[in-house]
Amino acid sequence: MVVYIDLIFLSNLFIDAVLLMVTAWMRKIRPAWWRLLVSAGIGAMYVVMMFVPELSFLFTFLIKLALSVIMLLVAFGFGSMQKYLRTMGAFYMINFVAAGGILGMHYFLQNTGELFNGIWYTASGGMSFELKIAFWFILCAFGGVMLFFRIVQSSKQRTERMSGFLGQVQVWIGQDHIECTGLLDTGNQLYDPLTRTPVMVMEAALWEAYLPASWLRKCSEGNVDQLVMELGDESFSWQDRVRLVPYRGINRSHSFMLALKPDRVEVVMNGVHFVHHRVLIGLDGGTLSAEGKYRAIIHPDVTAQEEVSADTNQKRDAHFSEHFTESG
């Protein structure tokens with residue numbers, strides 16, 4: 001059997017470097033490139049030592065654990081014990097994901113004959129299994145697994161960041177109200193140009209039970225400006241609440257949005273309760289979130305009011321009660 005030590009060293013240098021870079025990305029660390037290279041070199045040299053019989057004592061659990069400790073110290077430094085342990089946990093998790101992904105792809109691509117050819121029974125009656133994975137397959141599968149892992153992690157982090165901007169929205173018109181999940185958009189600067197009233201956008205489908213079907217159809221078709229001529233033709237209990245708000249689209253074209261004037265809007269976000277009485281509800285004929293995570297765009301002015309939480313109400317009631325008692 002011919003073993004190319006240089007090829008083994010370079011491939012392991014590449015794999016260790018990628019594992020360290022993914023660990024740095026996951027832990028939001030920006031180490032110097034030379035530290036990553038030196039750390040990956042240490043890991044690659046350790047694999048090369050496997051072919052030196054005199055150094056077989058190095059391949060024990062404690063030595064392997066010590067090597068990973070040294071590699072992480074060289075790549076990222078120490079900082080604090082908590083920070084270091086989290087980095088080590090991330091490093092091992094990424095290693096296990098990579099190893100499991102490579103084995104999974106290997107078994108997935110094998111047929112039944114290849115699988116059973118690697119299994120045999122020993123003289124003692126036990127069963128053994130021989131695993132043979134091609135070198136280039138390992139490199140290609142490793143790259144694919146790491147790419148997939150990064151995509152999944154990016155999606156997870158994006159979802160976690162978004163969750164901090166999600167809130168429960170209630171819109172009240174008389175005794176009727178609509179509830180949905182809304183996304184706070186700090187870049188939303190949509191106002192009614194005449195009254196400077198902020199406009200919070202909601203999916204028109206939420207109001208299907210209250211609006212005429214022709215209005216919803218025109219919202220979805222983008223022909224809201226035609227509703228001006230139909231406002232007096234159809235009987236509608238909320239006609240005095242209807243507004244047409246001009247806005248500029250992404251392609252910088254001017255259009256109109258059908259809007260309703262509610263009695264109040266309530267938003268609960270991160271445990272804080274906001275109430276706003278001066279706001280318009282713009283109706284969008286499409287779907288605001290392809291994944292259905294939210295169905296409204298919360299205007300930043302809605303959450304700029306005085307915060308009214310349960311703790312705040314209790315403190316305020318206690319203050320009034322104390323003041324009343326002293327006055328009495």
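Along the sequence shown, residues are numbered consecutively beginning with 1.
No chain of hydrophobic side-chain contacts below 4.5 Å, direct or via other Ile, Leu, Val, Met, Phe, Trp or Tyr residues, connects V268 to L206. Both V267 and L288 are part of a single hydrophobic cluster, where members link through side-chain heavy atoms under 4.5 Å apart. Residue L194 is not grouped with residue V242 when hydrophobic side chains (ILVMFWY) are merged at heavy-atom distances under 4.5 angstrom, including chains of intermediate members. Criterion: ILVMFWY side-chain heavy atoms under 4.5 Å apart, direct or through other members. Under it, L67 and V38 are part of a common hydrophobic cluster.
Scanning all heavy atoms of the two residues, the minimum distance from M71 to S39 falls at O-OG, 2.7 Å. Across all non-hydrogen atoms, the minimal contact from S68 to Y84 is O-OH, 4.4 Å. The minimum heavy-atom distance linking A296 with M202 is given by the pair CB-CG, 3.7 Å. Residues L190 and M257 come closest through the heavy atom pair CD2-SD, 4.3 Å. Taking both residues in full, the closest heavy atoms of V245 and V199 are given as CG1-CG2, 4.2 Å, listed atom of the first, atom of the second, then distance. Scanning all heavy atoms of the two residues, the minimum distance from V279 to P198 falls at CG2-O, 3.4 Å.
Ring geometry for H177 versus W172: interplanar angle under 30°, hence parallel rather than tilted (30 to 60°).
E179 places none of its side-chain heavy atoms less than 4.5 Å from the side chain of V169. Taking the side chain as every heavy atom from C-beta outward, M200 and D301 never approach each other to under 4.5 Å. With contacts defined as side-chain heavy-atom distances shorter than 4.5 Å, the pair F91/L20 qualifies. Put simply, the side chain of W207 reaches to within 4.5 Å of the side chain of L283, judged on heavy atoms. You'll find the side chain of L280 stays beyond 4.5 Å of the side chain of L260, heavy atoms only. Inter-residue side-chain proximity for P262 and V265 is flagged as met; some heavy-atom pair is nearer than 4.5 Å. Side-chain contact between Y46 and I63 is present, with at least one heavy-atom pair separated by less than 4.5 Å. Counting heavy atoms from C-beta on, the side chains of Q170 and Q168 never come closer than 4.5 Å.
One finds the CG atom of N270 at 14.0 Å from the NE2 atom of H273 (value rounded to the nearest 0.5 Å). Rounding to the nearest 0.5 Å places CD of Q175 at 9.0 Å from CG of D263. For the atom pair CD of E266 and NE2 of H277, the computed distance is 8.0 Å after rounding to the nearest 0.5 Å. Remark: M45 CE to D16 CG distance equals 12.5 Å, nearest 0.5 Å. We find the CE-NZ distance between M26 and K28 to be 9.0 Å, quoted to the nearest 0.5 Å. How far CZ of R35 is from CD1 of I29: 10.5 Å, rounded to the nearest 0.5 Å.
More than 12 heavy atoms of other shown residues, nucleotides or ligands fall within 6.0 angstrom of atom CZ in R27. For F78, the CZ atom is densely surrounded, since the number of other residues' heavy atoms within 6.0 Å is greater than 12.
Under the 3.5 Å distance criterion, with hydrogens and angles disregarded, no donor-acceptor pair is assigned to the side chains of E203 and T287.
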For F14 and V18, run side chain to side chain contact (heavy atoms under 4.5 Å, CB included): C-alpha distance rounded to whole Å, both residues' side-chain angles, the deciding distance at 0.1 Å, then the answer. CA-CA 6 Å; F14 168 75; V18 172; 3.8 Å; yes
Audit row: D192, R278, salt bridge (charged side-chain N to carboxylate O under 4.0 Å, His left out) steps and yes/no: CA-CA 11 Å; D192 180 6; R278 187 174 177 272; over 6 Å; no
For side chain to side chain contact (heavy atoms under 4.5 Å, CB included), just list the numbers for I298 and D185, CA-CA rounded to whole Å, side-chain angles, deciding distance to a tenth of an Å, and then say yes or no. CA-CA 6 Å; I298 304 172; D185 182 6; over 6 Å; no
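In this structure, R295 contributes its side chain and T181 its backbone to no donor-acceptor pair below 3.5 Å.
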